[in-house]
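To start, the structure itself, in C-alpha cells.
Predicted model, so just to flag it, every value in this text is computed and none were measured.
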Amino acid sequence: MILRAIVIAMKEESQSLGEFNKGINVLDSKNILIITGIGKVNAAIEMTKAIMNYQISEVINIGFAGSIKKHHVYDAVLVNRAIQHDVDLTAFGYEKYQLPEMPIEYRSNEQLLKKMSNLFSFKHDLLYSGDQFITSINHEDGLYDMEGAALYQVCYISKVPIISIKIVSDIIGDSSNDFGSFNIIKGSRIISDILKKIIGG
C-alpha cells in the first residue's frame, strides 16, 4: 500500500482534525498521520518505524515553529531546507551543522515544493531543528523547531520525498509575541485547513 505520511510532533497540533494517539494513525486508504512526540530522537524513531512498516510515497511534516524576524505569528511557511543547529563537529574537520557522511543541510523534495507552491502562496524559508526551545535571537535568521531536520535526515537516508510546512507560533526574542500568547486551537485549525486542501488535492 502506497501512502502519504503526515507527520506532526504534538497531539495539540492535530486537535482540529480529531482525536489521535502518539504513533501511527490511519486516516484513510492513502494517508497516515504520525504523531512523533517532541524532540529529534522521538521524531526519528517514529519516522523510521513508519518507513519500515509502510510503503510511504511522500512525507508532509507540518506543525508549529518559532521565527526570527521574517514572519508573523500564524503565518504558514514552506520549508525549502532543513539544518540541525545543535550539531557541531568542527573540531574533527566537519562543517558546522554536518554529521559524518551526511550533508550540511537537507533539501525539500523539488516536486513537492513545486506542488505545495502551486497549492499555497506561502513564503519559503530555512528550518533549523535542535533539542532546545529557542528564545534568544543569537541564532541565524529562519524558522526553529525541535523535530523537522531529524525527519529530513531519516527521509534522506531512506530516499523518501519530504517537505515541511510550519505555522509560526512565536517571534523569537520579541516578548510581546512569545509562545505563551499563541492560541494553539487557532494554530491547529490552520493546520487542519492546510491538510484538508492537500489531501483533497
Side-chain angles (χ1 to χ4, degrees), residues 6-17 35-40 42-44 47 59-88 96-97 103-109 112-153 155 162-195 197-198:
I6 297 161
V7 185
I8 64 174
M10 307 181 298
K11 290 181 181 181
E12 290 83 356
E13 291 169 317
S14 68
Q15 62 185 294
S16 293
L17 288 170
I35 301 177
T36 64
I38 293 172
K40 291 195 302 179
N42 282 328
M47 189 75 262
V59 174
I60 311 291
N61 168 229
I62 189 165
F64 304 147
S67 172
I68 293 181
K69 296 182 181 179
K70 295 182 183 179
H71 309 291
H72 302 285
V73 175
Y74 302 113
D75 279 357
V77 183
L78 275 172
V79 171
N80 48 27
R81 295 174 292 149
I83 286 174
Q84 297 187 57
H85 68 76
D86 56 357
V87 169
D88 190 344
K96 189 176 181 182
Y97 309 132
I104 298 170
E105 60 183 28
Y106 303 92
R107 294 185 175 272
S108 290
N109 177 265
L112 284 176
L113 191 58
K114 183 177 180 180
K115 179 182 176 181
M116 295 302 152
S117 297
N118 288 336
L119 273 177
F120 307 104
S121 58
F122 300 156
K123 293 179 182 178
H124 294 192
D125 207 350
L126 171 62
L127 175 68
Y128 292 91
S129 303
D131 285 318
Q132 59 186 125
F133 188 78
I134 300 299
T135 58
S136 71
I137 59 173
N138 296 322
H139 294 80
E140 303 289 338
D141 285 357
L143 300 167
Y144 284 80
D145 79 347
M146 297 177 66
E147 298 82 27
L151 298 171
Y152 274 72
Q153 183 179 342
C155 288
I162 184 172
I163 195 168
S164 183
I165 303 170
K166 293 299 176 182
I167 312 304
V168 176
S169 57
D170 58 295
I171 307 303
I172 296 167
D174 185 348
S175 60
S176 65
N177 279 304
D178 63 17
F179 187 77
S181 63
F182 178 70
N183 187 313
I184 291 179
I185 295 175
K186 181 177 179 179
S188 76
R189 286 175 183 156
I190 295 171
I191 289 174
S192 177
D193 289 343
I194 292 170
L195 289 179
K197 191 166 184 179
I198 292 171

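I191 places none of its side-chain heavy atoms less than 4.5 Å from the side chain of S16. Looking only at side-chain heavy atoms (C-beta outward), V59 and L151 stay at 4.5 Å or farther from each other. A 4.5 Å side-chain heavy-atom check between M10 and I184 finds every atom pair outside the cut-off. Using a 4.5 Å cut-off on side-chain heavy atoms (C-beta onward), F120 and L78 make no contact. Side-chain contact between M47 and I162 is absent, with no heavy atoms from C-beta onward closer than 4.5 Å. The shortest distance between side-chain heavy atoms of I83 and Y128 falls below 4.5 Å. Contact annotation: the side chain of N109 never approaches that of I163 to less than 4.5 Å [non-hydrogen atoms, C-beta and beyond]. Using a 4.5 Å heavy-atom threshold, the side chains of E147 and V7 count as separate.
Nearest heavy-atom pair, I167 versus A76, reported as atom, atom and distance to 0.1 Å: CD1-CB, 3.7 Å. Nearest approach of S169 to V73, heavy atoms of both residues: O-CG1, 4.1 Å. Closest approach of I185 and Q15 over heavy atoms only: CG1-OE1, 3.9 Å. The nearest pair of heavy atoms linking S14 to I35 is OG-CD1, 4.0 Å. In terms of heavy atoms, A9 sits closest to T36 at CA-OG1, 3.5 Å. Nearest heavy-atom pair, L126 versus A82, reported as atom, atom and distance to 0.1 Å: CD1-N, 4.1 Å.
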May I have the step-by-step check of side-chain hydrogen bond (donor to acceptor under 3.5 Å, both in side chains) for S108 and N80, ending in yes or no?
CA-CA 5 Å; S108 290; N80 48 27; over 6 Å; no
Please determine whether side-chain contact (heavy atoms from CB on, under 4.5 Å) holds for the pair K186 and R189, giving the CA-CA distance in whole Å, both sets of side-chain angles, and the decisive distance to 0.1 Å.
CA-CA 5 Å; K186 181 177 179 179; R189 286 175 183 156; 5.5 Å; no
Could you go through the side-chain contact (heavy atoms from CB on, under 4.5 Å) check for M116 and F122 one step at a time?
CA-CA 9 Å; M116 295 302 152; F122 300 156; over 6 Å; no
Y106 and V79: side-chain contact (heavy atoms from CB on, under 4.5 Å), yes or no, with the steps?
CA-CA 10 Å; Y106 303 92; V79 171; over 6 Å; no
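Among I68, I172, V168, the one residue that satisfies the side-chain contact (heavy atoms from CB on, under 4.5 Å) test with L143 is V168.
For the atom pair L127 CG and E105 CD, the distance stands at 11.5 Å (nearest 0.5 Å). A distance of 5.5 Å separates CD1 in I194 from CD1 in I165, rounded to the nearest 0.5 Å. K11 contributes atom NZ, which lies 14.5 Å from atom CG of L17 (distance to the nearest 0.5 angstrom). Interatomic distance, CG of D193 versus CD1 of I198, reported as 11.0 Å (0.5 Å rounding). Separation of atoms NE2 (H71) and NZ (K123) is listed at 6.5 Å; rounding is to 0.5 Å. Considering OG of S188 and CD of E13, their distance stands at 9.0 Å, rounded to 0.5 Å.
The closest donor-acceptor contact from the side chain of N42 to the backbone of G39 lies at 3.5 Å or more, if one exists at all. Judged purely by atom type and a 3.5 angstrom limit, S117 uses its side chain to pair as donor or acceptor with the backbone of L113.
For an aromatic pair to be called close, the ring centres must be under 6.0 Å apart, and Y74 with F182 satisfies this.
Salt-bridge formation is not detected for the pair K166/D125: no Lys NZ or Arg NE/NH1/NH2 atom is positioned less than 4.0 Å from an Asp or Glu carboxylate oxygen.
For I38, the CD1 atom is loosely surrounded, since the number of other residues' heavy atoms within 6.0 Å does not exceed 12.
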